[in-house]
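No experiment lies behind these values; they were computed from the predicted model shown.
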Amino acid sequence: MIAEADRAYSISNAADQLGVSRGTVYNLVNRGHLKTVSYPGIEGMRITSKELARFLDRCQKAT
């Protein structure tokens, strides 16, 4: 079983977690605000729950 801290989200799932559109997530990735990972045998980019937590933490500190 994958621990919650190790969970990896698709772009669509990450968008749902952040409450934004997929386009916004792609923009955040392209601008270097979110890092992605890839896994053998799994198509597409993934964003780990740890990376989402880091991003949200940086956003909170910026306000």
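Sorted by first and then second residue, the pairs that involve residues 15-28 and meet side-chain hydrogen bond (donor to acceptor under 3.5 Å, both in side chains), not counting sequence neighbours, are S21-T24. For residues 30-46, no pair satisfies side-chain hydrogen bond (donor to acceptor under 3.5 Å, both in side chains), with sequence neighbours left out.
Hydrophobic clustering (side-chain heavy atoms under 4.5 Å, transitive across Ile, Leu, Val, Met, Phe, Trp, Tyr) keeps L28 apart from V37. At a threshold of 4.5 Å between side-chain heavy atoms, the hydrophobic network of Ile, Leu, Val, Met, Phe, Trp and Tyr places V29 and L56 in one connected group.
Listed here is the closest heavy atom pair of L52 and A14: CD2-CB, 4.3 Å. Annotation for S49 and Y9: closest pair CB-CE1, 3.8 Å, computed over non-hydrogen atoms.
Between L18 and F55, the closest side-chain pair of non-hydrogen atoms falls below 4.5 Å.
From I47, atom CD1 reaches atom CZ of R54 across 12.5 Å, with rounding to the nearest 0.5 Å. To the nearest 0.5 Å, the span separating CG on L34 from CD on E51 amounts to 5.5 Å.
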